[in-house]
Amino acid sequence: MSEQETRGKVKKIQGRLKEAAGRITGNRALEREGSRQRVEGAAQETLGKARRKVGEFVDGVARAIKR
């Protein structure tokens, strides 16, 4: 797992916690902030996965060319 994927997962979890805290306390601003942070984390995680997959593909191609 890449560092970017990990940061995305952490951001998603933090967003979920903020969102839940906002719901519990009735703080709509905190709930919206958590929702936004959760979505950002998901996007960051997805980007990290895509970058890792492309890197793995490029490595595979490079190994195939060397043979």
Side-chain angles (χ1 to χ4, degrees):
M1 184 180 304
S2 72
E3 183 180 335
Q4 188 168 25
E5 285 177 80
T6 304
R7 286 191 312 234
K9 283 183 184 287
V10 168
K11 191 178 271 191
K12 266 183 12 183
I13 291 168
Q14 289 172 338
R16 283 187 189 144
L17 292 172
K18 281 183 184 178
E19 198 173 4
R23 282 190 191 127
I24 290 168
T25 61
N27 185 338
R28 302 280 296 162
L30 184 61
E31 187 177 346
R32 282 191 305 272
E33 181 183 341
S35 178
R36 179 191 51 78
Q37 190 173 8
R38 184 176 44 81
V39 170
E40 285 176 3
Q44 186 175 11
E45 181 182 6
T46 301
L47 180 61
K49 283 180 184 177
R51 291 178 72 179
R52 180 174 46 83
K53 296 281 186 183
V54 167
E56 290 171 356
F57 175 76
V58 169
D59 287 345
V61 169
R63 275 188 247 116
I65 290 172
K66 286 182 181 179
R67 292 182 190 173

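- Closest approach of A21 to L30, counting heavy atoms only: CB-CD2, 3.9 Å.
- Here Q37 contributes atom CD and E19 contributes atom CD; the two are 10.5 Å apart, rounded to the nearest 0.5 Å.
- If you take CZ on R36 and CD on E40, they are separated by 4.5 Å, rounding to the nearest 0.5 Å.
- By the 6.0 Å contact criterion, CD on E56 is enclosed, its count of non-hydrogen atoms from other residues, nucleotides or ligands being greater than 12.
- Expressed to the nearest 0.5 Å, how far NZ of K53 lies from OG of S2 amounts to 11.5 Å.
- Taking both residues in full, the closest heavy atoms of M1 and T6 are given as SD-OG1, 3.5 Å, listed atom of the first, atom of the second, then distance.
- Applying the side chain to side chain donor-acceptor pair (under 3.5 Å) test between E45 and each of K11, R7, K9, Q4 identifies K9 as the sole match.
- The structure places CZ of R38 at 11.5 Å from CG of L17, a figure rounded to the nearest 0.5 Å.
- The main-chain N or O of A42 is found under 3.5 Å from a side-chain atom of T46 such that the two form a donor-acceptor pair.
- In this structure, CZ in R28 is found 9.0 Å from CZ in R23, a value given to the nearest 0.5 Å.
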